Amino acid sequence: MICYVLYMAKGKKPTANGSHRVATSGDIEVSTYLEIAKEIGGEQPAPAKETVPRAEREAIIVVDFGSQYNMLIARRVRECEVYCELVPYDAPWEKVAPLNPKGFILSGGPASVYETGAPQAPAYVYESGLPILGICYGMQVLAHQLGGQVVAGAKQEYGHAILHLSDVDSPLFFGLPPTTPVWMSHADRIEKLPPDFAALAYTENSPFAVMGNDKNMFGLQFHPEVVHTPEGKTILKNFVYRICGCKRNWTTANFINESIAKVRKQVGKGKVISALSGGVDSAVTTTLVHRAIGDQLTCIFVNHGLLRREEVERTFNTFRLNLGMNIVYVDASERFLDRLKGITDPEVKRKVIGEEFILVFEEEAKKIGKVDFLAQGTLYPDVIESASSGSTASAKIKTHHNVGGLPAKMTLQLLEPLRDLFKDEVRQVGLELGLPEEMVWRQPFPGPGLAIRIIGEVTKEKLEILRAADWVVMSEIKKAQLYRQLWQSFAILTDVKSVGVMGDQRTYGYLVAIRAVTSDDAMTADWSRLPYEVLARISSRIVNEVPGVNRVVYDITSKPPSTIEWE
């Protein structure tokens with residue numbers, strides 16, 4: 001395997017030794033820029049057709065009605081070692097049947113079932129005879145379509161409630177205490193149950209908090225998937241194991257074996273290129289594909305000169321020494337910096353970096369010769385957020401970096417071995433494949449790199465200042481053993497200068513901001529309550545060790561209203 005690395009630090013060679021604005025890969029790879037490349041023009045590459053039958057895999061299907069928690073439902077089911085996939089409520093049976101469904105979960109959603117045009121469950125959900133679990137809106141859909149009555153509630157119910165079990169013998173409640181806290185979020189309520197359904201549990205404001213019948217159809221008015229429902233995972237386990245009869249065969253080892261076989265079938269004798277960055281998604285993708293097809297894969301590492309200190313060296317060390325891959329370095333730092341001269345608008349920065357990245361990538365790809373596939377680290381949240389099914393249940397968030405818009409002349413089929421996985425599952429696969437923990441647990445890093453952590457124009461001087469400040473942040477966070485507890489932690493070099501006093505002399509230096517957030521999926525995030533002593537050490541070291549900086553502030557804004565990255 002040969003990896004082409006575009007190394008940007010002019011005149012240097014590495015020693016032997018990687019914005020989650022949405023749930024995304026975040027790697028510095030070609031896939032990061034596909035959205036920007038779409039603006040250049042061109043057609044998307046066609047996803048490679050799946051050639052390995054998946055009959056041996058069982059699945060729970062989540063019918064998506066637009067709930068903000070829909071991905072969380074799928075994650076909770078997968079934590080039970082059972083495969084789970086989200087499908088739009090209008091997905092045809094022909095797309096669902098190959099998944100080998102063993103049961104359906106109807107998700108929550110923002111609509112009211114009695115309104116004209118409100119989304120409904122497709123007929124095959126009921127005709128299949130498989131178990132059904134409706135959650136919140138999904139419960140109301142179940143009631144509405146099967147002959148019950150749903151009305152606007154006189155009293156809304158949001159937040160904590162206490163669930164009282166009426167039928168403690170229901171298989172859905174196995175192992176549950178008679179009363180348990182749950183999390184409610186609804187305005188409508190079920191006025192009348194459908195024929196042959198019974199109330200299985202109630203809360204103070206919901207006499208039909210849980211309903212069920214003898215055909216394994218159940219409805220929950222609360223959300224079992226959120227942490228605020230402590231016994232929610234037990235309820236989901238009971239549905240998956242006891243009611244649907246699923247086997248626990250969605251394991252890391254099974255996924256790796258299945259993926260290797262699938263990649264070999266898809267690729268055949270073809271050639272594959274992959275963009276390698278050092279981020280976990282591209283690293284796992286590259287390692288998995290290489291294990292399947294060996295030297296039929298060629299890696300291209302586009303390093304745009306906007307990386308953090310020692311990032312190139314660490315990637316080189318991992319893939320040459322740990323995984324035995326050959327790496328060729330190409331210096332293109334001046335090229336990117338020249339394009340960024342005078343640019344201060346963050347969106348223009350992203351576009352310029354994206355355009356230049358694609359040009360560099362194409363130039364290197366041409367040197368390889370005929371190529372059939374592009375392997376990239378698309379994850380399941382990427383696919384969900386970029387899906388455009390025509391459904392109006394939830395708005396399409398955006399065309400995601402990994403799933404849209406290569407230039408027309410790059411007519412490659414996509415090879416996306418991780419497209420079924422969430423981020424935490426990717427990490428487990430990485431560990432199983434033998435990747436070092438430092439790489440597997442690497443925090444997300446934005447595609448445009450440090451360029452969007454420098455407010456204003458990007459220059460060599462500012463890059464060095466930010467690299468030094470960020471190095472202090474990372475070292476102190478790791479020293480305090482907080483790195484894995486944080487979704488992201490980094491420094492921002494602002495365009496603000498302020499007066500200071502150092503060594504009895506007046507200074508006029510930059511203001512550096514520190515950002516540290518906790519999150520499960522980057523769609524929402526909270527600022528981390530870092531210990532004062534950690535913040536004090538970070539501030540003291542930056543102003544003493546980083547020339548040109550005389551003031552440090554800490555960002556205490558959550559997302560929303562702010563984004564995690566500043567640009």
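Keep in mind that this is a model prediction, so the values were computed, not measured.
The structure places CG of Leu418 at 10.5 Å from CD of Gln376, a figure rounded to the nearest 0.5 Å. The distance from atom CG of Asn550 to atom CG of Leu511, rounded to the nearest 0.5 Å, is 8.0 Å. Taking CG of Leu530 as the start and CG of Leu486 as the end, the distance is 6.0 Å to the nearest 0.5 Å. For the atom pair Leu450 CG and Arg308 CZ, the distance stands at 7.5 Å (nearest 0.5 Å). Distance CD1/Ile465 to CG/Leu493: 6.0 Å, rounded to 0.5 Å. Atom CD1 of Ile300 sits about 4.5 Å away from atom CD1 of Ile273, to the nearest 0.5 Å.
Not counting sequence neighbours, the partners of Arg339 by the side chain to side chain donor-acceptor pair (under 3.5 Å) test are Glu355, Glu356. When the side-chain contact (heavy atoms from CB on, under 4.5 Å) test is applied to Gln485, the partners found at least two apart in sequence or on another chain are Leu482. Not a single salt bridge (Lys or Arg N to Asp or Glu O under 4.0 Å) links Glu457 to another residue, sequence neighbours left out. In this view, Glu432 satisfies the salt bridge (Lys or Arg N to Asp or Glu O under 4.0 Å) rule with no residue, not counting sequence neighbours. Residues satisfying the side chain to side chain donor-acceptor pair (under 3.5 Å) criterion with Lys462, sequence neighbours excluded, are absent altogether. Partners of Ala513 by side-chain contact (heavy atoms from CB on, under 4.5 Å), not counting sequence neighbours, listed by chain and number: Ile492, Thr494, Val553, Trp566. In this view, Lys497 satisfies the side chain to side chain donor-acceptor pair (under 3.5 Å) rule with no residue, not counting sequence neighbours. Scanning for salt bridge (Lys or Arg N to Asp or Glu O under 4.0 Å) contacts around Arg467 gives Glu464, with sequence neighbours left out. Under the salt bridge (Lys or Arg N to Asp or Glu O under 4.0 Å) criterion, Arg537 pairs with Glu476, not counting sequence neighbours. Every residue two or more places apart in sequence or in another chain that forms a side-chain contact (heavy atoms from CB on, under 4.5 Å) with Val543 is listed here: Val552. Partners of Trp250 under the side chain to side chain donor-acceptor pair (under 3.5 Å) rule, at least two apart in sequence or in another chain, are Glu425. The ring-ring contact (aromatic ring centres under 6.0 Å, His included) check on Trp183 picks up His160, His228, with sequence neighbours excluded.
Within 6.0 Å of NZ on Lys479 lie no more than 12 heavy atoms contributed by other residues, nucleotides or ligands.
For the residue pair Ser274 / Thr286, a side-chain donor-acceptor distance below 3.5 Å is found, with atom types taken as modelled. Side-chain N/O atoms of Gln413 and Gln266 include no donor and acceptor closer than 3.5 Å. A donor-acceptor contact closer than 3.5 angstrom is absent between the side chains of Gln481 and Tyr483.
Checking side-chain atoms of Thr563 against main-chain N and O of Glu565 turns up a donor-acceptor pair under 3.5 Å. Using modelled atom types, one side-chain atom of Asn70 and one backbone atom of Ser67 make a donor-acceptor pair closer than 3.5 Å. Side-chain atoms of Glu225 never come within 3.5 Å of backbone atoms of Arg76 as a donor-acceptor pair (strictly under, hydrogens ignored). For Arg309 (side chain) and Trp471 (main-chain N/O), no donor-acceptor pair under 3.5 Å exists by modelled atom type. Checking side-chain atoms of Thr287 against main-chain N and O of Ala283 turns up a donor-acceptor pair under 3.5 Å. Side-chain N or O atoms of Arg515 include none that pairs as donor or acceptor with a backbone N or O of Trp527 at under 3.5 Å. Put simply, the side chain of Arg291 gets close to the backbone of Leu433: a donor and an acceptor are under 3.5 Å apart. Not a single donor-acceptor pair under 3.5 Å links the side chain of Ser259 to the backbone N or O of Ile256. Counting only distance, with no hydrogens or angles, the side chain of Asp470 and the backbone of Leu466 share no donor-acceptor pair below 3.5 Å. Looking only at distances, no side-chain donor or acceptor of Arg419 sits under 3.5 Å from a matching main-chain atom of Thr378.
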For salt bridge (Lys or Arg N to Asp or Glu O under 4.0 Å), just list the numbers for Arg335 and Glu363, CA-CA rounded to whole Å, side-chain angles, deciding distance to a tenth of an Å, and then say yes or no. CA-CA 13 Å; Arg335 180 170 173 170; Glu363 290 170 9; 2.9 Å; yes
Step by step, work out the salt bridge (Lys or Arg N to Asp or Glu O under 4.0 Å) result for Lys559 and Asp526. CA-CA 6 Å; Lys559 175 188 178 180; Asp526 193 15; over 6 Å; no
Steps toward side-chain contact (heavy atoms from CB on, under 4.5 Å) verdict (Phe255, Val429): CA-CA 8 Å; Phe255 171 81; Val429 171; 3.7 Å; yes
Begin from the C-alpha positions of Val272 and Ile293 and carry the test side-chain contact (heavy atoms from CB on, under 4.5 Å) through to its verdict. CA-CA 9 Å; Val272 182; Ile293 61 171; 3.6 Å; yes
For Phe336 and Val360, what are the C-alpha separation, side-chain angles and deciding distance, and is it a side-chain contact (heavy atoms from CB on, under 4.5 Å)? CA-CA 10 Å; Phe336 279 86; Val360 173; 4.1 Å; yes
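Of all the heavy atoms in Leu435 and Val440, the pair that sits closest is CB-CG2, 3.8 Å. Of all heavy-atom pairs spanning Ile542 and Ala469, the tightest one is CD1-O, 4.0 Å. The heavy-atom pair separating Arg453 from Pro446 by the smallest distance is NH2-CD, 3.2 Å. When all heavy atoms are compared, the tightest approach of Pro417 to Leu288 is CB-CD2, 3.8 Å. Across Gly377 and Asp281, no two heavy atoms sit closer than the pair O-CB, 3.9 Å. Looking at every heavy atom in both residues, Ile73 comes nearest to Ser107 through CD1-CB, 4.1 Å.
Between Asp338 and Lys341, at least one side-chain N (NZ, or NE/NH1/NH2) sits under 4.0 Å from a carboxylate O, which counts as a salt bridge.
In this structure, Tyr510 and Val496 have side chains that are not in contact, with every pair of non-hydrogen atoms separated by 4.5 Å or more. Considering only heavy atoms from C-beta on, Leu415 stays 4.5 Å or farther from Leu374 through its side chain. Between Leu337 and Leu463, the closest side-chain pair of non-hydrogen atoms falls below 4.5 Å. Side-chain atoms of Met474 and Ser489, non-hydrogen and from C-beta on, do get closer than 4.5 Å to each other. Side-chain contact check for Arg264 versus Ile260: some heavy-atom pair is nearer than 4.5 Å. Side-chain contact between Trp487 and Val517 is present, with at least one heavy-atom pair separated by less than 4.5 Å. The side-chain heavy atoms of Phe373 and Val289, taken from C-beta on, include no pair separated by under 4.5 Å. Val512 places none of its side-chain heavy atoms less than 4.5 Å from the side chain of Arg551.
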